[in-house]
Amino acid sequence: SVNPMAYEAQFFGFTPQTCMLRIYIAFQDYLFEVMLVVESVILKKLDGFPGCKISPLQIRKSTEKFLLFMKEHLDKLFSKMEEVLLQLVLNIPKNVLLPEDKVHEQYPYSKEQLEALQDEIHQLQKQYRAEASAGQALRAELEEQKAVQAELEKILQWFDGLENTCREHGTGNFKESFAFLTQNAKRLQDVLKDVEEKSK
Amino acid sequence: AAPGRAQMFATVVDTFLEKLVAAGSYQRFANCYRCFYKLQPEMTRSIYDQFISQLQASIKEEIQEVKNEGNLETVFNSLDKIVEEAKNREEPAWRPSGIPEEDIRSAMVPYLLKHRSYLQKILKEKEEENRKVAESVLAGRDRIAELQQQIQARKHAWQAISKEQRELVMTFKE
Amino acid sequence: PTYLQTSQARVLSTKPNYQQILDEQGPVLRCLELVLDELQQTLKLLQ
């Protein structure tokens with residue numbers, strides 16, 4: 001099974017094998033291209049020797065022979081190079097964690113732990129909402145209290161005004177005044193009775 | 001110190017190139033193009049030299065292009081640093097499980113923890129704020145109760161007057 | 001309320017009926033009017 005080297009791909013932004021494949025294909029293309037150039041140069045040089053018996057077919061066979069040889073070596077050497085690069089350069093050792101994954105080291109949360117954390121957050125949100133609406137209700141009550149307090153104080157001021165009016169007209173305390181009057185009236189009644197009895 | 005990845009990469013590629021060139025030696029080349037070599041040995045040599053230098057140049061150019069595209073120098077250096085930092089660590093490190101909801105979990109935790117502490121903070125502030133408002137509300141209620149009592153007291157005092165005055169009127173009526 | 005602190009919940013749940021308090025003041029004023037009317041008659045009588 002091929003190791004997808006996904007972690008390396010996360011870091012490099014490309015899969016190492018793809019990178020190596022791209023390099024290999026490029027090298028191979030270059031080798032082919034350069035061989036074609038070599039062959040065309042040799043054919044052109046041969047044009048300069050009309051009497052020579054070397055046919056283009058022979059040159060082509062030579063080219064193929066050399067190319068085959070080079071290709072075999074390219075493949076052998078390249079697979080060695082690939083092995084070394086994939087092992088030592090384009091790889092991330094098992095014990096290494098990429099910086100962006102530090103969270104996994106710091107917070108190895110299980111599913112249950114995460115759900116518990118999310119529940120706690122929901123709970124806090126509900127609590128906050130409840131507190132916020134409680135705050136509104138309390139403030140509304142404060143406003144209500146102001147109005148009621150003003151009303152009650154108005155009534156008390158009313159009483160004060162009334163009592164001040166009485167005081168200004170010499171009657172500080174109606175109750176005492178009436179009690180005094182009643183007393184006097186009773187005393188008058190007694191006197192009146194006395195007088196009547198004596199006069200009889 | 002062990003060579004860094006960038007240096008190792010360069011060394012490995014250079015070695016590859018050396019060996020490839022060594023494999024494709026002039027003898028081998030002349031051997032393959034024997035008929036032409038016999039006809040024109042000097043020309044064969046110069047064609048071979050050009051072949052080798054062209055091949056080397058193309059391969060080096062390709063490698064440079066790959067390095068530029070992948071920003072490999074920088075990337076290799078930063079990977080060296082990351083590996084260096086982890087050198088005291090033996091056990092295998094975390095790796096993506098390939099199950100998104102699994103892997104996203106830990107990445108969410110810092111944000112959730114931050115969100116939780118923010119909520120705890122604003123909740124605490126709100127509770128404190130409400131505690132103060134509740135105190136004012138309770139004080140307001142006491143004040144209103146007190147006013148009510150005062151009004152009741154005044155009312156009773158005035159009612160007491162009417163009792164007195166009834167007695168007075170009774171007396172007069174007698 | 002289940003998410004509220006109990007103290008807050010208690011404060012909120014013991015909110016007086018302010019309208020009733022205001023309504024109660026009506027009879028106070030009427031009672032006072034009666035007393036004042038009576039007073040007026042008494043004072044007339046005294047005169």
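Here is how names work: the chains are called A, B, and so on, in the same order as the sequence lines, proteins then strands, and each is numbered from 1.
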Does any backbone or side-chain atom of [X] lie under 4.5 Å from a heavy atom of chain B? Answer side chain, backbone, both or neither.
X: A:F69; answer: side chain
X: A:L97; answer: both
X: A:K76; answer: neither
X: A:Y128; answer: both
X: A:A6; answer: neither
X: A:I54; answer: side chain
X: A:Y30; answer: both

Option that, when pairs with chain B are counted at under 4.5 Å, heavy atom only, ranks first among [options]:
options: A:N184, A:L90, A:L188, A:I92; result: A:I92
options: A:V41, A:L31, A:V84; result: A:L31
options: A:E100, A:E72, A:E153; result: A:E153
options: A:C19, A:G135, A:A134; result: A:G135

field: A:I59 side, atom CD1; B:C32 side, atom SG - distance, nearest 0.5 Å
entry: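 Here the interatomic distance stands at 11.5 Å.
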Any side-chain heavy-atom pair of [X] and [Y] under 4.5 Å:
X: A:T182; Y: B:M170; value: no
X: A:V103; Y: B:V109; value: no
X: A:E120; Y: B:L119; value: no

message: Are B:F51 and A:F66, when compared by the centres of their aromatic rings, separated by less than 6.0 Å?
response: yes
- prompt: Does B:R105 use its side chain to pair, donor to acceptor, with the backbone of A:Y109 at less than 3.5 Å?
  reply: yes
field: Check: A:E131 side chain, B:L123 main-chain N or O, donor-acceptor pair, under 3.5 Å
entry: no
message: Less than 4.5 Å to any heavy atom of chain A: does that hold for the side chain of B:E102, its backbone, both, or neither?
response: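 Answer is neither: B:E102 stays 4.5 Å or more from chain A.
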field: chain A interface, residue from B:W158, B:W94, B:F29 that has the most non-hydrogen pairs under 4.5 Å
entry: B:W94
message: Using every non-hydrogen atom in the two residues, find where B:L79 and A:N91 come nearest and quote the distance to one decimal.
response: CD2-O, 3.7 Å
